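So the structure is just underneath, and the comments pick up after that.
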Amino acid sequence: MAHTAALRLVLHVDEEGADDERRAELAESLGRELRELDAAEVSPLDGGEAPEGAKSGGAVALGALLVAMAQPELVSAVLAAVEAWAAGRTGRSVRIEIDGDSIEVTGLSAKDRRRLIDSWLEHRSTGPDSERDT
């Protein structure tokens, strides 16, 4: 499905003791979950130039996904899916980036993780520019 992206999230997944191959597997697993939402385009994050001698045209940032959504309201659904994917899996972490602002969710209870994400999203929606005195 093609979406006109109004918002892009970058997700970096990791797991305690994971090597590059495992991080790639984790990203693919999370990517499959997110594609089921049918609300966003999900692709491996381009890591820039491929190393000399690499077989592909460009490098991929292992363990990283680019999630593009047409509607900013879909962020909550995407983050709920990320939260569900990471829940109950010891040692997994996900760093979420929007426009250079990031948050890492790892080692938290589901309630604390939800509270942290909600607080971060609220901060992003109000931002420092909206708090100016008039």
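Quick note: numbers below take in every heavy atom, side chains included, and nothing from hydrogens, waters or symmetry partners. Everything numeric here is computed off the predicted structure, so don't read it as measured data.
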- [ ] Could you tell me whether Arg32 sits above the aromatic face of Trp85, with NZ or CZ closer than 6.0 angstrom to the six-membered ring centre and within 45 degrees of the axis?
- [x]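 Negative - Arg32 is either too far from the ring of Trp85 or too far off its axis.
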
TODO: Would you check, one step at a time, whether the test side-chain contact (heavy atoms from CB on, under 4.5 Å) holds for Glu25 with Arg22?
DONE: CA-CA 5 Å; Glu25 290 170 0; Arg22 178 64 181 150; 3.3 Å; yes

Of the non-hydrogen atoms in [X] and [Y], which two are nearest, and what is the gap between them?
| X | Y | value |
| --- | --- | --- |
| Ala81 | Leu37 | CB-CD1, 4.0 Å |
| Arg23 | Ala18 | NH1-O, 2.7 Å |
| Ala86 | Val94 | CB-CG2, 4.3 Å |
| Ala27 | Ala64 | CB-N, 4.1 Å |

Open item on the list: Counting C-beta onward and ignoring hydrogens, is there a side-chain heavy-atom pair between Leu34 and Val82 closer than 4.5 Å?
Closed with: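 Side chain of Leu34 against side chain of Val82, heavy atoms only: contact under 4.5 Å found.
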
Open item on the list: Test of understanding: with side chain to side chain contact (heavy atoms under 4.5 Å, CB included), list the residues that count as partners of Leu66, not counting sequence neighbours.
Closed with: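 Leu66: side chain to side chain contact (heavy atoms under 4.5 Å, CB included) contacts with Arg8, Val10, Ser43, Leu45.
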
Working to the nearest 0.5 angstrom, can you tell me the gap between [X] [atom1] and [Y] [atom2]?
| X | Y | atom1 | atom2 | result |
| --- | --- | --- | --- | --- |
| Ile103 | Ile98 | CD1 | CD1 | 9.5 Å |
| Leu62 | Asp19 | CG | CG | 9.5 Å |
| Ile96 | Leu65 | CD1 | CG | 11.5 Å |
| His12 | Glu104 | NE2 | CD | 10.0 Å |

TODO: Could you go through the side-chain contact (heavy atoms from CB on, under 4.5 Å) check for Leu9 and Met69 one step at a time?
DONE: CA-CA 8 Å; Leu9 286 125; Met69 292 162 278; 2.6 Å; yes

